[in-house]
Asks: 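The structure that follows is given in the form of structure tokens.
All residue numbers refer to positions in the sequence shown, counting from 1.
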Amino acid sequence: MDFTKETSLRKTWGKLCNRHLSGVRGPDLQTNQKSDLSKSSTGKAIRDTILQGQSLTTSTSITSSGYKFELGFFTPGQEYSTTISYLGVWYKRVLKKTVVWVANRDYPFTDSAVVLTIAADGNLVIVVGRVSYMLSNISSSGNTSATLSDSGNLVLNDRRSGDILWQSFDYPTDTLLPGMKLACFSNCSCSAYTYDSSNGCSIWREELLNVKQLKDDDANGRDFFLKLAASEFLSEGKDSRIKRWKWIIVALALSMVLLAAVSFFYCMWRRKSQNKGEDLVLFDLGTSIGAVNCKLNEAGKSHSGKKKEADLPLFSFASVSAATDNFSDANKLGQGGFGPVYKGKLQKGHEVAVKRLSRKSGQGLEELQNEAMLTAKLQHKNLVRILGCCIEKDEKILIYEYMPNKSLDFFLFANALTDTILRGQLVTASTTITSSGNEFELGFFSPGNKNSRRSSYLGIWYKRVSKRTVVWVANRDHPLTDSSAVLTIAADGNLVIREGSFSYMLSNISSSGNTSATLWDSGNLVLNDRRSGDILWQSFDYPTDTLLPGMKVGHDKRNGKTWSMLAWKSKEDPGPGVFSFELDPQGTSQFFILKEFQKSEQRKGFQKYWTSGTWNGQVFTQIPEMAVNYIGYATYISNEDESYFNYSLKIPSATIRLMLDISGQLQVLSWDETVGEWNKIWARPRELGDVNGWKDLFLRISNVSLPANSIVLSQVRSVGDCESVCFSNCSCSAYTYDGSHGCSIWGIELLNVQLIHDDPEGRDFNLRLPASEFLSKCKVHLTPFADSRTKRWKWIILALAVPMALLATVSFFYCLWRRKLQNKGEDSGEDLMLFDIGTSTGAADCKCRSRTGKKKEVDLPLFSFASVSAATDDFSDANKLGEGGFGPVYKGKLVTGYEVAVKRLSRKSGQGLEELQNEAMLIAKLQHNNLVRLLGCCIEKDEKILIYENMPNKSLDFFLFGLYLPHT
């Protein structure tokens with residue numbers, strides 16, 4: 001935003017006609033008053049109001065009573081620029097400072113001593129040295145005050161009468177806030193104005209005497225803006241312009257009338273075409289049904305041509321939504337194959353069950369029609385009664401009477417599943433079980449196309465994540481094709497999936513048969529012995545592509561079992577893919593991502609795709625992000641019984657998962673409910689095809705007879721898309737594309753590849769090679785004709801590799817040099833969380849060098865930035881104590897329970913290492929029981945922080961002068 005220009009004459013008029021800027025101090029302004037907004041003349045602190053005698057400086061601000069807006073001086077543009085400043089109002093609660101009003105946009109100040117105050121005559125004025133900028137120009141008794149309201153309006157009041165003398169809402173800048181008025185001119189008595197850079201702004205009120213229009217070449221002529229009513233404007237202009245505007249306005253008017261008429265008749269037609277639904281909330285269950293026919297197919301006829309109708313009330317979707325509180329989870333009763341069922345409440349206190357068709361069910365109008373027809377015609381006191389339906393746009397809903405004492409099958413089969421499956425109970429395609437805390441859900445699902453019913457799997461997914469995310473699959477190697485499949489506990493106590501005569505055993509244990517399966521809030525499905533409580537089997541021992549908190553990946557040495565992660569085959573196929581994440585079988589602490597390949601027709605092999613590096617006690621060496629990740633605690637355990645990696649969450653309510661993607665990438669993901677997506681925290685390898693620091697490359701070979709067994713991708717329309725498809729599929733070893741044949745890709749084996757020189761049948765063939773092997777294998781050894789092309793590629797790659805290697809070497813030594821010049825970093829800093837305030841200070845020297853080159857040292861502990869961030873909960877607003885000229889101050893809590901005050905240098909403050917050094921030197925050397933004690937510091941990269949003891953009973957100035965100004 002360029003605050004130095006007016007965006008229109010209207011804004012120039014609104015600002016300049018009521019303000020005056022003088023080159024000297026105004027006659028009524030007293031500059032010897034105390035310029036400190038933190039205290040009034042009575043010593044009482046203020047929050048949202050400026051009184052006479054108080055001053056707003058560049059390091060202070062005032063905030064509206066409800067903390068919605070803030071007023072102060074700001075510098076637009078570069079954060080570190082201190083050349084110009086403006087007085088403005090911005091949102092208090094918006095993290096990104098958004099200015100909504102600027103006072104002195106036509107006159108920026110360059111002196112940091114600028115202040116806002118109330119002059120002796122009661123006007124609001126900006127003063128810098130001997131220059132004053134009057135915001136208001138009113139006549140008053142002088143007893144005024146300026147208040148920032150929660151609407152963002154800065155108001156100058158008469159303190160005796162309470163009258164508003166001036167307000168910022170009368171002078172908008174680029175933002176129109178709620179309550180502002182947008183008018184042509186701010187002064188209704190003004191009839192004309194003129195403005196130029198030499199003479200400034202002049203206005204006239206009502207009478208205009210001796211106005212003359214001079215010749216064009218007269219140097220004394222000025223531009224004169226005459227205020228006219230819009231109704232008179234046309235009569236005063238030239239005839240040609242009047243006629244043109246008339247036709248434009250007539251054309252626009254006719255277009256708008258025509259559009260309005262078309263829209264009106266369209267809405268009437270739409271309204272008539274829809275069924276008029278009743279209001280479910282006002283529905284009386286005792287009334288007879290049949291007020292409106294609920295016709296349950298689009299054409300009013302079934303597939304056989306015979307019309308089917310159910311004589312049922314038709315309710316509007318808006319009323320159904322209101323009865324169920326917008327289908328809230330709190331009103332959800334359960335879910336079946338048709339869709340979820342919600343409890344609805346009517347105005348007279350009656351309750352109903354609302355069955356809403358799910359788009360994931362694969363069912364449609366035909367199934368809804370059959371269910372409604374059957375239930376409506378079968379009326380019996382032991383059968384649930386259907387009350388009506390709702391068919392509106394894509395919504396298909398049935399409304400039943402509510403059964404507070406559960407349904408008949410509950411008493412016949414005791415099949416009321418919660419989080420546990422007992423013998424005799426079934427999980428079917430239309431039922432699920434949910435963990436006690438509603439964290440996870442177990443049931444059958446069909447991946448991929450929502451309307452596909454070809455295969456289904458038993459899985460576990462997040463219950464509270466709106467985008468279904470499956471974290472465990474039971475039968476990934478054997479998809480089910482029959483909707484009659486069930487999960488149950490067999491007579492021998494094992495957990496089993498049955499599909500007709502087929503049985504798929506999840507567990508294989510020996511027990512008395514008295515077992516139960518429970519889904520925990522951790523996402524673990526556990527099979528227990530009901531007598532002893534022992535865990536006989538658990539899903540956590542069989543990870544799929546996701547490692548949940550508490551899961552292990554590694555080796556169970558006692559039972560010879562391996563815990564490994566195995567990626568899905570594709571996004572629509574949870575079958576075993578080609579990538580796995582496993583612990584090094586050689587006994588080291590590093591993990592590998594392995595890629596499966598077809599070694600021969602009968603045998604498969606595995607190649608190392610990526611390594612985590614070894615465990616150094618805190619992180620894996622190839623995943624340094626783990627050191628600064630405050631989301632979870634990572635652990636690697638190795639003893640005589642087992643070696644494994646797992647993790648736990650610092651914030652149990654967070655939804656975090658570690659997964660192995662189909663591309664072979666290990667990802668840590670966090671769920672963001674606000675956008676409905678998973679956010680990637682970190683991933684390894686960093687990019688697709690990035691293996692051990694090398695990227696794959698494609699070698700183009702011309703005039704090639706293509707190998708057999710290609711996969712043709714007809715939907716790919718460009719060579720770039722074809723390369724991307726092959727690059728994203730780690731099993732793809734080559735591709736080709738041309739306008740006639742489209743895109744073709746090949747798997748690992750390439751058979752009968754031949755170079756056919758000068759043959760029109762030859763095609764360009766793009767062979768995928770790792771960069772590390774590119775130079776040694778780029779000849780391909782097809783025919784001698786490839787040698788010249790190979791040599792050219794070799795020189796190109798060498799020409800690129802040598803400068804890159806040189807640049808990497810220079811960067812490496814530069815970083816080493818920079819590291820030696822910097823102060824002690826994170827590795828040498830103490831852990832603030834473990835610091836004991838009772839110990840003597842001086843464990844590490846906090847050394848700062850002044851600009852003069854003279855070395856000054858303060859004997860203080862040096863803390864790591866990571867530990868300071870942890871103590872303050874990542875500098876959260878909840879721990880913020882206030883803010884001064886140096887920067888914000890936060891409360892930190894140590895492991896021992898002690899509290900500290902953390903003073904963090906703000907980049908906006910304009911201060912740096914010299915000021916921090918002086919403050920630390922002064923307070924560290926002045927030790928007194930009435931002075932706050934400096935405990936240490938943190939100097940790391942751009943961060944400069946001082947750590948003080950916390951003062952729970954406030955500081956000395958509180959008792960001397962009252963509360964400090966809460967301007968943050």
Side-chain angles (χ1 to χ4, degrees), residues 274-296 310-361 363 367-369 371-376 378-411 415-419 430-439 441 463-466 673:
Q274 292 180 345
N275 291 318
K276 184 178 180 181
E278 295 185 41
D279 192 326
L280 176 61
V281 178
L282 303 177
F283 183 68
D284 187 355
L285 295 183
T287 60
S288 61
I289 60 176
V292 180
N293 272 344
C294 183
K295 300 179 180 180
L296 299 176
D311 195 22
L312 297 169
L314 181 66
F315 300 108
S316 67
F317 178 73
S319 67
V320 177
S321 180
T324 58
D325 192 14
N326 198 22
F327 302 99
S328 69
D329 289 341
N331 287 331
K332 191 172 182 180
L333 300 173
Q335 185 162 348
F338 184 88
V341 181
Y342 300 87
K343 181 169 69 173
K345 196 165 186 178
L346 310 187
Q347 192 176 56
K348 293 187 177 181
H350 295 295
E351 292 178 328
V352 295
V354 177
K355 192 174 183 180
R356 186 183 191 187
L357 177 66
S358 172
R359 296 176 183 178
K360 301 177 182 178
S361 68
Q363 303 186 42
E367 289 81 3
L368 179 138
Q369 179 188 39
E371 180 172 340
M373 291 287 295
L374 178 65
T375 311
L378 291 176
Q379 297 293 332
H380 191 275
K381 63 179 181 179
N382 289 334
L383 294 177
V384 65
R385 185 160 61 104
I386 187 169
L387 304 175
C389 61
C390 171
I391 303 175
E392 196 169 306
K393 296 181 181 178
D394 294 333
E395 294 290 345
K396 299 174 181 66
I397 298 172
L398 294 176
I399 293 92
Y400 290 88
E401 63 179 341
Y402 177 64
M403 298 179 292
N405 295 323
K406 303 181 175 61
S407 58
L408 185 63
D409 68 329
F410 173 80
F411 299 98
N415 199 33
L417 299 176
T418 53
D419 62 344
S430 60
T431 59
T432 61
I433 65 170
T434 305
S435 64
S436 59
N438 284 314
E439 297 292 339
E441 187 172 17
K463 175 68 174 178
R464 298 182 179 178
V465 173
S466 55
E673 186 61 40

Asks: Of the non-hydrogen atoms in Ser316 and Cys390, which two are nearest, and what is the gap between them?
Replies: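 Scanning both residues, the minimum pair turns out to be C-SG, 3.9 Å.
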Asks: Taking everything shown except Lys345 itself, do over 12 heavy atoms lie less than 6.0 Å from its NZ?
Replies: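 No, the 6.0 Å shell around NZ holds no more than 12 heavy atoms from other groups.
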Asks: For the CD atom of Glu351 and the CG atom of Leu333, what is their distance to the nearest 0.5 Å?
Replies: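 If we round to the nearest 0.5 Å, Glu351:CD and Leu333:CG are 9.0 Å apart.
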Asks: Side chains of Leu314 and Cys389: closer than 4.5 Å at any heavy-atom pair?
Replies: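 With C-beta onward as the side chain, the pair touches.
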Asks: Taking atom OG1 of Thr324 and atom NZ of Lys343, what is their separation to the nearest 0.5 Å?
Replies: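 The distance works out to 12.0 Å.
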Asks: State whether a side-chain donor-acceptor pair under 3.5 Å links Ser435 with Asp419.
Replies: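 Side-chain D/A pair, Ser435 to Asp419: absent.
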Asks: Between atom CD of Glu673 and atom OG of Ser466, what is the distance when rounded to the nearest 0.5 Å?
Replies: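 One gets 4.5 Å once the value is rounded to the nearest 0.5 Å.
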Asks: Could you state the interatomic distance from OG1 (Thr434) to NZ (Lys332), rounded to the nearest 0.5 Å?
Replies: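 One gets 8.0 Å once the value is rounded to the nearest 0.5 Å.
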Asks: Is there a side-chain contact between Tyr400 and Val341 (heavy atoms, below 4.5 Å)?
Replies: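 Counting from C-beta outward, Tyr400 and Val341 never come under 4.5 Å.
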Asks: For Tyr342 and Phe327, take the angle between the two ring planes, folded into 0 to 90°, and tell me which bin it lands in: parallel under 30, tilted 30 to 60, perpendicular over 60.
Replies: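 Ring orientation of Tyr342 relative to Phe327: perpendicular.
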Asks: Which atom names give the shortest non-hydrogen contact between Thr432 and Glu441, and what distance separates them?
Replies: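 Taking Thr432 first and Glu441 second, the nearest heavy atoms are OG1-OE2, 2.7 Å.
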Asks: Measuring from atom CD1 of Ile397 to atom CG of Leu357, what distance do you get when rounded to the nearest 0.5 angstrom?
Replies: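 These two atoms lie 9.0 Å from each other.
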Asks: Kindly compute the distance separating OG (Ser321) from CZ (Arg356), expressed to the nearest 0.5 Å.
Replies: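 Separation between the atoms: 7.5 Å.
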Asks: With a 4.5 Å heavy-atom cut-off, do Phe315 and Val354 have their side chains touching?
Replies: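 Sidechains of Val354 and Phe315: no contact.
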Asks: Evaluate whether atom CG of Asp329 has more than 12 neighbouring non-hydrogen atoms of other residues, nucleotides or ligands under 6.0 angstrom away.
Replies: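 Result for CG/Asp329: open.
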